[in-house]
Every structure is written in C-alpha cells, then in structure tokens.
Protein chains: 2
Amino acid sequence: MEREIRQRTTQQLTVISAAIQRDHSHPSAEEIYSRVRKVLPHVSLGTVYRTLQRLVQEGKIQMLFLGERTARYDPTLAEHDHFICQRCGRVEDVWLGRNRQVNFAPLVKEGFTVLAHSVAIHGFCQPCGRR
Amino acid sequence: MEREIRQRTTQQLTVISAAIQRDHSHPSAEEIYSRVRKVLPHVSLGTVYRTLQRLVQEGKIQMLFLGERTARYDPTLAEHDHFICQRCGRVEDVWLGRNRQVNFAPLVKEGFTVLAHSVAIHGFCQPCGRR
DNA sequence: TTGCTTGCAAATTTTTTGCAAAAAC
DNA sequence: GTTTTTGCAAAAAATTTGCAAGCAA
C-alpha cells in the first residue's frame with residue numbers, strides 16, 4: 001500500500017518560494033541561491049535545487065530551457081512567451097495575445113496529442129538594439 | 001591586423017558533418033559520437049563537440065534546447081518547429097505552414113529587434129498517444 | 001614546412017544524490 | 001516520537017579546454 005507523503009513547510013521552502021514568486025527575471029538556480037542566502041545564510045545549493053524541483057512538480061512554477069544548458073525558473077504560469085536577448089542574455093516575458101496563433105489541427109489529425117507549446121523569440125532587447 | 005584562419009577539411013569533419021546531415025532525429029552530441037565511431041573508431045568526443053560547434057558557427061546546422069539540459073543538433077535550417085514527446089522523448093520536425101502565425105509588430109514597436117523564433121510543442125507522439 | 005586539428009585527459013559547469021543531523025508535525 | 005527535510009560533500013552528467021602529436025595545405 002502506498003503511504004502518503006505528507007510534505008512539510010520549512011523555512012527554506014517558504015523563503016525560496018517567495019523569492020521566485022516575485023522574481024520575473026527568469027533566474028537560474030544559482031541566482032536564486034544567492035538571493036535566498038541573504039535571508040538564510042546557511043541554505044545549501046542542494047536545497048535550492050530540491051525545492052525548485054518540488055515547486056515545479058507541484059505546478060507552482062515552471063522550468064525553462066531557452067537556448068542554453070542552464071535551467072531558468074519562471075513563476076508565471078499563464079500562457080505567455082519569451083524573448084531572449086542575444087547580446088545581454090536577458091529573458092523577458094512576452095504577451096503577444098492574438099498576434100500569435102498556432103493552429104494544431106493538422107498535427108492532431110496526424111495523431112499527435114498536443115498538451116502545451118511555447119514560443120521563444122531571439123533578438124536584441126531595447127537597450128541592446130539601439131547601441 | 002587580423003590574420004585569416006584557413007580552416008581545414010579533415011576526415012573527422014567530413015564524417016561528422018555527413019552523419020548529421022542525414023540524421024533528422026535531433027541527436028545529442030553523445031549520439032552523434034556513437035554513430036561516427038562506427039566509421040572512425042578513434043574519434044574523440046571532444047572532436048565531436050568541437051566540430052559541432054564549428055558547424056553551428058558556420059551556420060550549417062542548428063543547436064536546440066528543447067526542455068532539457070542536453071543540446072540536440074538539427075541539420076534543417078528552413079523555418080520549422082519541433083514536437084517533443086513527453087513519454088518517449090522523441091523530437092520531430094513540424095511544418096505548420098500558415099497554420100502558425102506570429103506577428104511581431106507589437107514587439108518591434110516596443111523597441112525589440114526580432115531575429116529568429118521557434119515554437120516547441122509538447123505532448124504525445126502518435127505511438128505514445130494511442131497506448 | 002606551417003599551423004590547424006586531433007586524441008587524450010583533466011578541468012569546468014550544472015545538477016543530483018547519499019547520509020547523518022536537524023526540523024516539522 | 002516519527003518522518004520529512006536539510007547541509008555537506010561527493011557523484012554524475014554534459015561540455016570545454018590544454019597540450020603534444022598528427023595531418024592538411
């Protein structure tokens with residue numbers, strides 16, 4: 001029989017979770033770690049990774065790979081896209097609304113089951129573009 | 001003064017390049033390595049990485065990150081998208097044509113310079129979806 | 001011959017994991 | 001008191017790099 005795992009609310013979870021919730025810069029685990037350490041100086045990077053993993057599994061944040069091998073974390077769950085600056089590396093949320101449409105009917109007709117999708121846009125952000 | 005680097009056509013380059021050109025399964029460096037080794041048993045993984053990097057820089061192939069931290073390589077340069085199966089991990093090229101429209105005008109108006117974009121679609125491929 | 005490229009191994013970078021101690025419930 | 005979570009350190013996974021020797025031009 002499966003025993004239920006009762007998860008606990010630790011101080012680390014609270015702080016890490018809060019840190020990501022208000023950070024829309026798409027930070028990496030390392031960046032979150034350095035921010036969390038200002039509040040909990042003894043937190044370990046392993047705990048940050050485990051907690052991020054837990055939050056992803058609980059569907060509270062998403063993990064992104066945007067053209068590099070480092071994972072970034074995003075607290076925004078609503079359907080949106082990402083702009084990645086080729087010069088400074090900054091990632092911005094992009095809300096294209098009805099300026100962006102993808103009709104999956106042809107795929108579905110071929111037998112694919114579509115669950116989610118995302119658009120990654122590469123280029124130069126405002127400050128980088130004008131120099 | 002910049003001296004021009006005259007690149008050389010080695011056997012390794014030829015074999016690795018040919019291997020990717022005909023492989024549309026979006027292989028990782030490790031997978032390409034094991035295929036190339038059948039022809040050049042003494043090739044090293046480092047050479048595979050260096051050669052892939054060179055081909056990417058020369059614009060002959062593209063490097064993709066599709067929701068995981070391993071890079072995959074794609075010989076198809078024409079504008080297309082990718083379907084990633086959540087169950088088996090397979091990546092397929094997807095040609096949505098005019099069933100897919102992204103209008104960047106609002107972004108451009110905000111000062112972004114758009115150079116490229118891509119759509120990643122997640123779900124189940126045909127065999128995985130029907131089981 | 002010149003100097004780019006390779007193989008090998010060691011180093012880096014990013015993330016995961018084992019384990020005893022600490023914290024939550 | 002029991003079970004989950006943590007910190008630490010070591011391990012793993014993916015990629016890069018230094019260097020002497022090999023090979024292309």
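Side-chain atoms are counted along with the backbone in the values below, which use heavy atoms only and exclude waters and symmetry mates. Letters A, B, ... are given to chains in the order of the sequence lines, protein chains preceding strands, and every chain is numbered from 1.
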Colleague: Distance to the ring centre below 6.0 angstrom and angle to the axis at most 45 degrees; does that hold for Arg37(B) and Tyr33(B)?
Modeller: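 Yes, Arg37(B) and Tyr33(B) form such a contact.
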Colleague: Please find the pair of heavy atoms, one from Met63(B) and one from Tyr73(B), that lie closest to each other, and give the distance.
Modeller: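 Smallest heavy-atom distance, with atoms named: CE-OH, 3.4 Å.
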Colleague: Just how far is it from atom OG1 of Thr47(A) to atom CG of Leu52(A), taken to the nearest 0.5 Å?
Modeller: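 That separation rounds to 10.5 Å.
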Colleague: Can you check whether Gln12(A) has a side-chain N or O nearer than 4.0 Å to OP1 or OP2 of dT5(D)?
Modeller: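 For dT5(D), neither OP1 nor OP2 has a side-chain N or O of Gln12(A) closer than 4.0 Å.
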Colleague: If you compare all heavy atoms of Ala29(A) against all heavy atoms of Leu45(A), which two are closest, and at what distance to 0.1 Å?
Modeller: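 Closest approach of Ala29(A) to Leu45(A), heavy atoms only: O-CD1, 4.3 Å.
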Colleague: Whole Å only: how far is the CD1 atom of Ile16(B) from the C1' atom of dT6(C)?
Modeller: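 Checked: the CD1 to C1' distance equals 10 Å.
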Colleague: To the nearest 10 degrees, what angle separates the axes at the start and end of the helix from dT1(C)-dA25(D) to dC25(C)-dG1(D), five pairs each?
Modeller: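 End axes: 30° apart.
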Colleague: Given atom CD of Gln7(A) and atom C1' of dT5(D), what is their separation to the nearest angstrom?
Modeller: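 Those two atoms, CD and C1', are 10 Å apart.
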Colleague: If only side-chain N and O atoms of Ser28(A) are considered, is one of them under 4.0 Å from the OP1 or OP2 phosphate oxygen of dT14(C)?
Modeller: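 Result: no.
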Colleague: Does any donor-acceptor pair link the side chain of Arg8(B) with the base of dG3(C) at a separation under 3.5 Å?
Modeller: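 Looking at the base of dG3(C), it does pair with a donor or acceptor on the side chain of Arg8(B) (distance under 3.5 Å).
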Colleague: I'd like a table of atom pairs between the protein and nucleotides 8-11 of chain D - only N or O on both sides, under 3.5 Å - with the distance next to each one.
Modeller:
none

Colleague: Would you please confirm or rule out a distance under 4.0 Å between OP1 or OP2 of dT16(C) and any side-chain N or O of Gln53(A)?
Modeller: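 For dT16(C), OP1 or OP2 has a side-chain N or O of Gln53(A) closer than 4.0 Å.
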Colleague: Would you mind reading off the distance between Glu68(A) atom CD and dT15(D) atom P, rounded to a whole angstrom?
Modeller: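 Distance, rounded to whole Å: 13 Å.
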Colleague: Quick check on dT5(C): is either OP1 or OP2 less than 4.0 Å from any side-chain nitrogen or oxygen of Thr10(B)?
Modeller: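 False: Thr10(B) side-chain N/O out of range (4.0 Å or more) of dT5(C) OP1/OP2.
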Colleague: Just how far, in rounded Å, is C1' of dT14(C) from CZ of Phe65(B)?
Modeller: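 Result: 12 Å.
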Colleague: May I have the distance from Leu13(B) (atom CG) to dG22(D) (atom C1'), rounded to whole angstrom?
Modeller: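 Rounding to the nearest Å, CG of Leu13(B) and C1' of dG22(D) are 16 Å apart.
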Colleague: When you look at CD of Gln11(B), are more than 12 heavy atoms from neighbouring residues, nucleotides or ligands closer to it than 6.0 Å?
Modeller: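 Result for CD/Gln11(B): open.
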Colleague: Ignoring hydrogens, what is the shortest heavy-atom contact between Cys125(B) and Phe112(A)? Give both atom names and the distance.
Modeller: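 Minimum heavy-atom contact is CA-CD2, 4.0 Å.
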Colleague: Once the angle between the rings of His82(A) and His26(A) is folded into 0 to 90°, is it parallel (under 30°), tilted (30 to 60°) or perpendicular (over 60°)?
Modeller: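 Ring orientation of His82(A) relative to His26(A): perpendicular.
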Colleague: Sort out for me which residue in Thr9(A), Ile61(A), Leu55(A) forms a side-chain contact (heavy atoms from CB on, under 4.5 Å) with Ser17(A).
Modeller: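 Answer after filtering Thr9(A), Ile61(A), Leu55(A): Leu55(A).
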Colleague: If you apply the rule side-chain hydrogen bond (donor to acceptor under 3.5 Å, both in side chains), what do you find for His80(B) with Asp74(B), and how did you get there?
Modeller: CA-CA 11 Å; His80(B) 69 290; Asp74(B) 189 342; 3.0 Å; yes
Colleague: Tell me: CG of Leu45(A) to C1' of dT17(C), nearest whole Å?
Modeller: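 Those two atoms, CG and C1', are 13 Å apart.
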Colleague: Could you state the atom-to-atom distance from CZ of Arg37(A) to C1' of dT6(D) in whole Å?
Modeller: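 Nearest whole value for this atom pair: 16 Å.
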Colleague: Quick check: does any side chain N or O of Glu110(A) sit under 3.5 Å from a backbone N or O of Leu107(A), one acting as donor and the other as acceptor?
Modeller: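 No.
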Colleague: So does Tyr49(A) get a side-chain nitrogen or oxygen closer than 4.0 Å to the phosphate oxygens (OP1/OP2) of dT16(C)?
Modeller: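 Negative; the distance criterion is not met.
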Colleague: Rounding to an integer number of Å, can you tell me how far Met63(A) CE sits from dT14(C) P?
Modeller: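 So the CE-P distance, Met63(A) to dT14(C), works out to 13 Å.
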Colleague: So, does the side chain of Arg69(A) form a donor-acceptor pair with the base of dT15(D) at under 3.5 Å?
Modeller: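 Result: no qualifying N/O pair found.
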Colleague: Tell me whether the side-chain N/O atoms of Arg54(B) come closer than 4.0 Å to OP1 or OP2 in dT5(C).
Modeller: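 Looking at the OP1 and OP2 atoms of dT5(C), one of them is under 4.0 Å from a side-chain N or O of Arg54(B).
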